[in-house]
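Here the structure comes first, spelled out in structure tokens, and everything after it is commentary.
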Amino acid sequence: MLSDDAVPLVGPRVDRLRAILERLRSPSGNPISRARQFVEMQVPLSRRGPGWDRHWRELEAYLDSPGDWSGQAYEGQDGDYTAEDEE
């Protein structure tokens, strides 16, 4: 319970923290979103570059987009591509 002299929790930093907490409370079905949650628990804001959020959003959108994945397993292989496959 807040007292009458408590400072209200408002502002962009608080909004950002609330968004992070909301993502943690409701796990996503997207594995990229789940990976982002785990990574954001390990990497402090001061270590994240200017393209951090865009990078994660692009990966999430790529996985969510309909269509066929470009990778295919090669006959007789487990699907991992290596430089030896070029020879």
Side-chain angles (χ1 to χ4, degrees):
M1 195 105 287
L2 294 175
S3 65
D4 292 334
D5 59 343
V7 177
L9 298 175
V10 295
R13 294 184 78 189
V14 173
D15 293 340
R16 192 168 51 205
L17 288 173
R18 284 187 178 136
I20 291 170
L21 286 173
E22 184 58 35
R23 284 197 309 264
L24 292 173
R25 288 185 187 119
S26 57
S28 172
N30 185 322
I32 302 295
S33 299
R34 290 193 306 269
R36 179 181 184 170
Q37 292 171 1
F38 179 77
V39 171
E40 286 182 343
M41 287 189 286
Q42 306 297 319
V43 179
L45 287 172
S46 62
R47 298 285 312 266
R48 301 177 195 176
W52 179 272
D53 188 56
R54 178 179 169 204
H55 165 77
W56 286 104
R57 285 186 285 118
E58 287 176 350
L59 288 172
E60 291 166 347
Y62 179 73
L63 186 62
D64 285 339
S65 65
D68 295 327
W69 289 84
S70 59
Q72 296 178 356
Y74 296 100
E75 186 175 328
Q77 296 184 1
D78 62 5
D80 290 337
Y81 177 83
T82 64
E84 296 166 357
D85 295 330
E86 291 288 323
E87 296 174 6

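Sequential numbering from 1 along the given sequence is applied to the chain's residues.
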* Structure fact -> With sequence neighbours left out, the residues meeting salt bridge (charged side-chain N to carboxylate O under 4.0 Å, His left out) with R16 are none
* Asked: Would you say R36 and V39 make side-chain contact, with heavy atoms under 4.5 Å?
  -> no
* **Check: L17 and R13 side chains under 4.5 Å, non-hydrogen atoms** => no
* To do: Using side chain to side chain contact (heavy atoms under 4.5 Å, CB included) as the criterion, list what pairs up with P44, not counting sequence neighbours.
  => S46, R47
* To do: Give, for atom CG of L59 and atom NE2 of H55, the distance between the pair rounded to the nearest 0.5 Å.
  => 4.5 Å
* Of all residues at least two apart in sequence or in a different chain, which pass the side chain to side chain donor-acceptor pair (under 3.5 Å) check with E58? -> R54
* Please list, chain by chain and in numerical order, all residues satisfying side chain to side chain donor-acceptor pair (under 3.5 Å) with R48, sequence neighbours excluded. => none
* Looking at W56 and I32, what are the two nearest heavy atoms and their distance? -> CZ3-O, 3.8 Å
* **Test log, rule side chain to side chain contact (heavy atoms under 4.5 Å, CB included), inputs L45 and W52** => CA-CA 10 Å; L45 287 172; W52 179 272; over 6 Å; no
